[in-house]
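What follows is a set of notes on a single structure, which appears directly below.
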Amino acid sequence: MTNKFYITTAILYTNGPPHIGFALELLQADVLARYNRLIGNDVWFLTGTDEHGTTVVRAAEKNKKTPQQLADQVAGQVIDLAKKLNISNDDLIRTSDKARHWPAVVKFWNKLVESGDLYKKKYSGLYCVGHESFMKKSDLVNGVCPLHKTEPEKVEEENWFFKLTKYKKDVKRKIEAGELKIVPESRLQEILNLIDDAEDVSFSRPSSSLKWGIPVPDDPDQTMYVWADALTNYISALGYGQDDAKSKIKNSKFDRFWPADIHLIGKDILRFHALYWPAMLLSAGLPLPKAINVHGFITVEGEKMSKTIGNVIDPFVVIEKYGSETTRYFLLREIPSTEDGDFSYKKLEERYNGDLANGLGNLVQRVATLVENNLGGELIYRRITNYELRIMNYEKAIQEFRLHDALGEVWKVIVEANKYVDGRKPWVEAQESPERFLETMTVLVGLIHHIAWLLQPFLPETAQKIAEVFGDDLLSKGIPENYKFIIKKGAGLFPRLK
RNA sequence: GUCGGUGUAGCUCAGUGGUAGAGCACUUCCCUCAUAAAGAAGUUGUCGCAGGUUCGAUCCCUGCCACCGACACCA
């Protein structure tokens with residue numbers, strides 16, 4: 001049965017170039033998107049950029065650019081990164097896009113107004129000029145901002161607020177009922193603990209302090225704050241807000257794909273996706289996303305990535321040096337999908353040599369050589385009844401968002417295949433028992449087909465290369481009886497490093 | 001401070017009420033189809049500390065220590 005499958009990543013904030021963590025998020029989403037395409041689902045995969053806010057303005061000033069120029073530059077880098085990582089996204093939405101994004105946000109905002117869920121409220125707080133933001137009393141040291149050593153001013157602002165409190169019980173119920181699934185479990189607990197204490201949230205700022213953003217409809221002195229603006233990307237990209245006064249057809253993408261099946265996010269923005277966003281959707285009368293998958297952060301040699309330490313990993317550098325498939329493999333295999341994980345070049349090279357070169361690459365090469373040298377590079381497939389591949393947990397791992405485990409399952413097949421080769425000794429069989437040899441090779445070619453099939457969502461180029469070596473069209477998971485494999489040994493998939 | 005999590009072999013982590021496992025690394029053996037790859041065997045641990053429950057705890061309870069995360073209108 002064909003299902004639709006709509007998956008999104010968080011949108012990258014354009015105050016700096018995409019980092020390795022965003023690369024990981026793109027990759028995880030890509031695997032889920034590719035996997036769902038593979039099993040025949042109707043997939044839409046969205047990523048994008050979050051381009052508004054004072055932080056972008058400040059970063060732009062530093063670079064002597066306008067916020068738009070900086071956003072353009074970073075958005076370009078995201079497109080480049082997606083291309084270099086072989087990401088199969090169907091679309092990329094930018095929040096500065098006045099044609100696609102803004103109308104949706106305005107329509108969505110007006111829906112909240114219609115529901116009576118936006119109201120203006122005076123807000124007074126301690127404003128630190130250095131931070132350009134409000135601070136809590138508890139953040140101050142001796143009444144002074146610890147960073148800027150200045151006493152914050154008492155400032156009163158009138159802002160739009162969203163009645164989050166009106167919906168938090170409903171959101172909680174839906175999360176508890178599993179209608180809105182939070183993965184993994186630990187994050188579910190975290191959000192449930194938060195909901196009760198949640199208060200209404202500010203949805204706008206005076207445009208005097210926040211210029212770079214979307215103006216509040218009918219209130220030009222106010223600019224929308226990030227939640228109202230950024231979260232809406234998930235529906236603006238589907239054409240929400242484009243249909244009014246035009247034909248219904250325009251909106252078909254929204255009808256076809258909303259609600260999202262998975263919002264993939266980092267653990268830092270769980271609250272906004274699991275609480276604010278669902279509440280906003282309830283207010284607007286729209287269905288809630290089905291699941292929020294939360295990944296962790298990448299540390300570097302055990303330390304937090306930070307600009308001050310200077311240990312930030314640039315994904316472009318990694319891809320440049322090791323190639324996209326190796327980068328994909330390492331990040332997807334070494335970093336547990338829902339946990340923090342560590343990046344180091346040493347581990348990357350160990351994974352490369354151990355798993356890709358010695359494991360997968362070597363297996364493909366040895367089997368290809370055996371068939372080429374002893375069968376003239378041709379093998380007519382038939383089912384071997386006395387060999388059975390063990391049932392694996394590959395699909396379950398993907399469905400449970402344990403992508404690293406899914407790859408582990410594939411490598412179990414590789415190990416199994418290597419053991420099989422050594423057990424059967426085909427180089428002896430070739431001399432003494434051509435029949436047994438043929439059987440051995442049939443099993444192995446079947447295993448390699450299986451491996452290539454399973455690798456498709458993770459290492460699409462590698463899967464393709466393996467298929468080319470074996471003349472495998474990779475059209476189906478199973479192999480048709482009498483399928484003719486034409487094997488032509490190649491240069492080797494992953495030459496050993498050093 | 002409140003809530004939650006983690007602490008198991010050199011490293012990364014699984015795991016169970018009956019005194020522990022995997023992968024990598026390391027050692028030895030073996031093979032030669034293959035990318036000096038593969039395969040086999042093996043070494044390594046006071047299962048954070050101190051109590052308690054139990055015939056028996058690494059797994060249950062309590063306290064402590066260490067580290068981490070969430071609780072901030074940070075974008």
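Below, chain A is the first sequence line, B the second, and so on; all start at residue 1. Values below: all heavy atoms of this structure, side chains included; hydrogens, waters and symmetry mates excluded.
For the pair Asp200(A) and Lys121(A), the salt-bridge criterion is not met [side-chain N within less than 4.0 Å of a carboxylate O]. Between Arg187(A) and Glu190(A), at least one side-chain N (NZ, or NE/NH1/NH2) sits under 4.0 Å from a carboxylate O, which counts as a salt bridge. Using a 4.0 Å cut-off between a side-chain N of Lys or Arg and a carboxylate O of Asp or Glu, Lys396(A) and Glu409(A) do not qualify as a salt bridge.
Taking every side-chain heavy atom of Thr369(A) into account, A34(B) is the closest of A34(B), A38(B), U32(B). When distances are taken from the side chain of Arg366(A) to each of U35(B), C33(B), C71(B), the shortest belongs to C33(B). When distances run from any side-chain atom of Phe494(A) to the nucleotides U32(B), U35(B), A70(B), the shortest one goes to U35(B). Counting only heavy atoms from C-beta on, Glu190(A) has its side chain closest to G69(B) among C74(B), G69(B), A37(B). Comparing G69(B), U35(B), C71(B) against the side chain of Arg271(A) picks out C71(B) as the nearest. Nearest to the side-chain atoms of Asp422(A) among the listed nucleotides U35(B), C33(B), G69(B) stands C33(B). Among C3(B), C71(B), A38(B), the nucleotide with an atom closest to any side-chain atom of Asn418(A) is A38(B). Looking at the side chain of Lys267(A), the nearest of the listed nucleotides U12(B), C3(B), G69(B) is G69(B).
Not one side-chain nitrogen or oxygen of Arg205(A) sits closer than 4.0 Å to the OP1 or OP2 atom of C73(B). In this structure, Lys425(A) does not reach the G39(B) phosphate: none of its side-chain N or O atoms is under 4.0 Å from OP1 or OP2.
Leu370(A) has its CG atom 13 Å from the C1' atom of A37(B), to the nearest Å. Distance Asp268(A) CG to C68(B) C1': 16 Å, rounded to the nearest Å. If you measure from atom OH of Tyr420(A) to atom P of A34(B), you get 19 Å, rounded to the nearest angstrom. Atom-to-atom, NZ of Lys412(A) to P of C24(B) comes out at 13 Å; the value is rounded to the nearest Å. Lys465(A) has its NZ atom 16 Å from the P atom of U35(B), to the nearest Å. What separates CG of Leu493(A) from P of A37(B) is a distance of 17 Å, to the nearest Å.
Under 3.5 Å, the side chains of Asp221(A) and Ser207(A) contain no donor-acceptor pair of N or O atoms.
Within the shown strands, nothing qualifies as a pairing partner of A34(B) under the Watson-Crick or G-U definition with both distances less than 3.5 Å. The nucleotide C64(B) finds its pairing partner in G48(B), both defining distances of the Watson-Crick or G-U wobble pair being shorter than 3.5 Å. Across all strands shown, A70(B) forms a Watson-Crick or G-U wobble pair with U2(B), both key distances being under 3.5 Å. Pair assignment for U12(B): A22(B), on the basis of Watson-Crick or G-U wobble contacts that are both within less than 3.5 Å. Pair assignment for C29(B) gives G39(B), based on Watson-Crick or G-U wobble hydrogen-bonding distances that are each under 3.5 Å.
Shown are Trp227(A), Phe203(A), Trp277(A); of these, the ring pair (Phe, Tyr, Trp, His ring centres under 6.0 Å) with Phe108(A) is made only by Trp277(A).
Summary of the strand contacts: Lys347(A) and Leu360(A) both lie near RNA chain B, and taking for each the nucleotide with the nearest heavy atom, the more 5' one is attributed to Lys347(A). Between Asp355(A) and Lys489(A), the residue anchored nearer the 5' end of RNA chain B, judged by the nucleotide with its closest heavy atom, is Asp355(A).
Between Leu455(A) and Leu360(A) the shortest heavy-atom distance is CD1-CD2, 3.7 Å.
If you check distances only, the side chain of Asn362(A) does reach the base of A34(B) with a donor-acceptor pair under 3.5 Å.
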